[in-house]
Amino acid sequence: MKLRIRDELEANALVPSDLQCYQLEKVPKALRSNSAPCPVFFPQMLTYILSFLPLSDQKEASLVSRAWYRAAQNALRETNVRYKIPVSSASLPGIKSLGLRGISCIGLTNLDGSPASHQVLQSVAYHLGPHLQSLCLGGGSPTEASFVALILGCPALRSLDLSGCNSLFVSGMLLAQPETAQRVQQALSGLRELNLAGLQNLADLSFNRLSSCAPYLERLSLAYCHLTFELGPAQGSRVPQESSPSQFSFRNLLRFVKERASRLHALDLSGTGLLPEALQALGQVAGLQLQELSLHSCRDLSTEAVAALCHQQPGLTFLDLSGCSELTDGALLAVSRGLQHLQHLNLRKLQRLTDAGCTALGGLWELQSLDMAECCLVSGRELALALGSVHGTPPPLTSLSLAYCSSLKPHQKLEHQASGPKDPSSQPQGPSLLMLQALQELDLTACSKLTDTSLAKVLQFPQLRQLSLSLLPALTNKGLVAVAKGCPSLERLALSHCSLLSDEGWAQAARCWPRLQYLNLLSCSQLTEQTLDTIGQACKQIQMLDVAMCSGISMAAVRRFQAQLPQVTCIQSRFVGGADLTLTL
């Protein structure tokens with residue numbers, strides 16, 4: 001017997017963005033009773049303990065009893081969980097329920113200027129506003145009047161996301177009335193984070209009015225806003241000092257940064273076309289001590305400009321240089337020398353980066369996440385030397401992406417044998433990625449030169465939760481079983497287009513993954529309904545399954561699988577059973 005816990009959120013089509021429905025197995029009646037006390041802990045103590053667990057483990061703990069369920073809900077409220085609310089009249093009862101629970105982080109979808117949207121905004125302001133700390137209107141089209149009314153009802157906001165809300169800035173008159181601006185400033189006095197990404201109509205005047213209402217901003221995103229760069233006096237042109245009513249200028253942004261230098265810690269200028277001299281001007285602002293900087297797809301940036309930035313802002317802990325296509329190995333060397341406390345580094349799509357540059361990664365001892373996807377010249381040899389060095393403690397890396405690194409191939413240094421007991425004396429005596437035992441996320445998508453042998457010897461990470469081996473043409477059942485034994489804690493696994501996998505491999509591998517929740521088997525053509533039966537029996541926590549374009553699986557088998565595991569919220573099954581794509585399309 002299974003009892004389905006349906007929270008009031010689900011009943012009103014309100015679903016947390018990263019929280020799924022729970023499945024409660026049959027438990028003793030005393031534990032299921034609403035009046036049953038917490039078996040061991042006081043509720044507050046249990047909530048405190050659960051707050052330290054990963055989200056998936058909090059979900060599992062919530063199945064113990066009603067008391068544990070409530071404690072898990074309270075713990076989730078204390079974490080960064082955003083509840084997505086579709087804007088419709090059907091959401092109104094759910095908004096009231098969220099207010100009673102004290103939910104403080106929400107996002108509104110399908111927001112426009114309709115009466116229904118206005119009604120929802122009023123409800124949010126009334127029921128959630130007093131304790132709302134994070135509000136996302138991203139991509140919506142609210143009217144200026146409804147936006148102001150909502151903000152005035154949310155005096156505790158610390159994070160506001162207006163990304164893509166161009167309707168607020170088309171007229172250029174947002175907060176133009178001094179009385180309104182003063183009231184909004186009082187409401188936003190505690191705002192620390194503002195996201196204005198993707199605003200094509202943002203201009204100096206509207207930016208200045210809005211930013212002046214948030215005097216204590218610490219984090220600002222202007223990603224993909226249209227920045228204009230004027231020539232300075234050194235180039236012989238006169239730079240106007242007044243703010244532009246129609247353009248968003250770098251000169252105006254620089255003035256803002258200078259005024260807020262002592263408080264501003266995080267800046268996102270991705271996709272703004274930032275020039276090398278502009279980056280240098282930002283980096284040398286007096287008193288500015290950035291901790292996070294995103295420069296994704298700023299294609300004009302030079303290695304010299306990045307080197308200067310690393311010297312000017314040594315306190316950076318997060319740096320995104322992905323898509324900055326002009327950068328070379330020298331940029332990575334400058335990062336290693338200048339940013340000793342860097343924890344997160346994104347180098348995706350740096351196609352001029354080579355193995356020589358990877359040697360510099362050995363100097364980043366605090367690195368927690370590294371993204372080198374689509375660095376097509378990186379073979380992996382020097383990367384293993386840098387990250388798996390035995391000359392010191394390896395970095396506490398938890399996330400590594402090498403997706404689409406087409407030159408990545410097995411090397412002797414990547415393939416040290418790791419048999420026997422897992423104690424320090426039995427660890428590989430040379431540099432190896434096996435040293436990264438804290439790794440939780442690994443992406444090896446389309447690293448086509450990897451083989452069963454190399455994967456079996458490298459993929460031995462007991463804490464790994466997320467793994468992608470999609471588009472590996474040489475992966476067979478032997479490699480699948482070896483990965484299953486080496487990575488038993490997987491919750492997310494992608495194996496799309498691995499055409500050599502069969503039912504036989506899954507029959508052995510599935511039993512090793514009881515925690516598996518998300519599984520992508522897209523276009524694994526040899527699999528049949530036997531694999532579905534195997535997964536249904538061994539992976540009881542599965543929530544999302546993609547078997548699209550699996551010609552050996554029928555729709556009847558998919559429906560049977562869904563009926564056996566009702567907690568599965570999504571099954572992608574397009575073109576199963578060998579459907580003719582030409583005729584279907």
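Nothing fancy with the numbering, it's 1 onward along the sequence.
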> Less than 4.5 Å apart, side chain to side chain, heavy atoms only: is that true for L191 and L217?
yes
> What heavy-atom pair brings A278 and F250 nearest, and what distance separates the two atoms?
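Minimum heavy-atom separation between A278 and F250: O-CZ, 3.3 Å.
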> Counting neighbours of NE2 on H118 that are heavy atoms of other residues, nucleotides or ligands and sit closer than 6.0 Å, is the number greater than 12?
no
> Are the side chains of L121 and V87 in contact, using a 4.5 Å heavy-atom criterion?
no
> How close do D161 and S163 get, heavy atom to heavy atom, and via which atoms?
OD1-OG, 2.7 Å
> Under the rule for side-chain hydrogen bond (donor to acceptor under 3.5 Å, both in side chains), what residues qualify as partners of D300, not counting sequence neighbours?
none
> Give a yes or no on whether the backbone of S399 and the side-chain of S369 come within a donor-acceptor separation of less than 3.5 Å.
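Side chain of S369 to backbone of S399, a donor-acceptor pair under 3.5 Å: no, none is there.
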> List the residues meeting salt bridge (Lys or Arg N to Asp or Glu O under 4.0 Å) with E259, not counting sequence neighbours, and say none if there are none.
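In terms of salt bridge (Lys or Arg N to Asp or Glu O under 4.0 Å), with neighbours along the sequence ignored, E259 is linked to R255.
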> Residues in side-chain hydrogen bond (donor to acceptor under 3.5 Å, both in side chains) with R492, at least two apart?
none
> Do any pairs count as a ring pair (Phe, Tyr, Trp, His ring centres under 6.0 Å) and have a residue in residues 168-225, sequence neighbours left out, and if so which ones?
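Of all non-adjacent pairs touching residues 168-225, those that pass ring pair (Phe, Tyr, Trp, His ring centres under 6.0 Å) are F207-F248, F207-F256.
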> Under a 3.5 Å distance rule, please check whether S336 uses its side chain to pair with a backbone N or O of A360 as donor and acceptor.
yes
> When you check the gap from the basic side-chain N to the acidic O, do E193 and R158 get nearer than 4.0 Å?
no
> Using ring-ring contact (aromatic ring centres under 6.0 Å, His included) as the criterion, list what pairs up with F147, not counting sequence neighbours.
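Residues passing ring-ring contact (aromatic ring centres under 6.0 Å, His included) with F147: none at all.
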> Under 3.5 Å, is there a donor-acceptor pair between the side chain of S489 and the main chain of P462?
yes
> Would you find more than 12 non-hydrogen atoms of other residues, nucleotides or ligands less than 6.0 Å from H311 atom NE2?
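Not buried by this count: 12 neighbours or fewer within 6.0 Å.
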> Any non-hydrogen side-chain atom of L383 less than 4.5 Å from a side-chain atom of L370?
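L383 vs L370: side chains touch.
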> Could you report the tightest heavy-atom contact between S117 and D112, atom names first, then the distance?
OG-OD1, 2.7 Å
> Scan side-chain atoms only and decide if T445 and S468 contain a donor-acceptor pair under the 3.5 Å cut-off.
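There is such a pair between these side chains.
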> Provide the full list of side chain to side chain donor-acceptor pair (under 3.5 Å) pairs with a residue in residues 312-334, sequence neighbours left out, each pair given once.
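Matches after skipping sequence neighbours: H296-S322, T303-T328, D320-S322, E326-R352, D329-T354.
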> Counting C-beta onward and ignoring hydrogens, is there a side-chain heavy-atom pair between V148 and I151 closer than 4.5 Å?
no
> Under 4.5 Å between any side-chain heavy atoms of T359 and L385, yes or no?
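They are not in contact (no side-chain heavy atoms under 4.5 Å apart), so the answer is no.
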> Any side-chain heavy atom of L377 within less than 4.5 Å of one from L353?
no
> Testing the basics here: between G140 and P142, what is the closest heavy-atom pair and its distance to 0.1 Å?
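For G140 and P142, the tightest heavy-atom pair comes out as C-CD, 3.3 Å.
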> Is there side-chain contact between F461 and Q437, with heavy atoms separated by less than 4.5 Å?
yes
> Can you tell which of L290, L347, V335 makes a side-chain contact (heavy atoms from CB on, under 4.5 Å) with L319?
V335
> Return the minimal non-hydrogen interatomic distance between C225 and G198, and the atom names on each side.
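Looking at all heavy atoms of both residues, the shortest contact is SG-N, 4.0 Å.
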> Hey, does the side chain of D204 reach the backbone of S249 with a donor-acceptor pair shorter than 3.5 angstrom?
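Present.
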> Could you tell me which non-hydrogen atom of G273 sits nearest to which non-hydrogen atom of C298, and how far apart they are?
N-SG, 4.4 Å
> side-chain hydrogen bond (donor to acceptor under 3.5 Å, both in side chains) with N346: which residues, sequence neighbours excluded?
none
> S159: which residues meet the side-chain hydrogen bond (donor to acceptor under 3.5 Å, both in side chains) condition with it, sequence neighbours left out?
none
> Would you say L269 and L282 make side-chain contact, with heavy atoms under 4.5 Å?
yes
> Kindly check if the number of other-residue, nucleotide or ligand heavy atoms within 6.0 Å of CD (Q340) is above 12?
yes
> If a pair satisfies salt bridge (Lys or Arg N to Asp or Glu O under 4.0 Å) and one of its residues is in residues 136-155, list it, with sequence neighbours excluded.
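Listed by first then second residue: nothing to list.
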> By salt bridge (Lys or Arg N to Asp or Glu O under 4.0 Å), which residues pair with E218, not counting sequence neighbours?
R192
> Would you please name every residue forming a salt bridge (Lys or Arg N to Asp or Glu O under 4.0 Å) with E374, sequence neighbours left out?
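Here the qualifying residues are R348.
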> What pairs meet the side chain to side chain donor-acceptor pair (under 3.5 Å) rule with one or both residues in residues 172-186, with sequence neighbours excluded?
none
> Examine distances only and state if a side-chain atom of S91 and a backbone atom of P86 form a donor-acceptor pair shorter than 3.5 Å.
yes
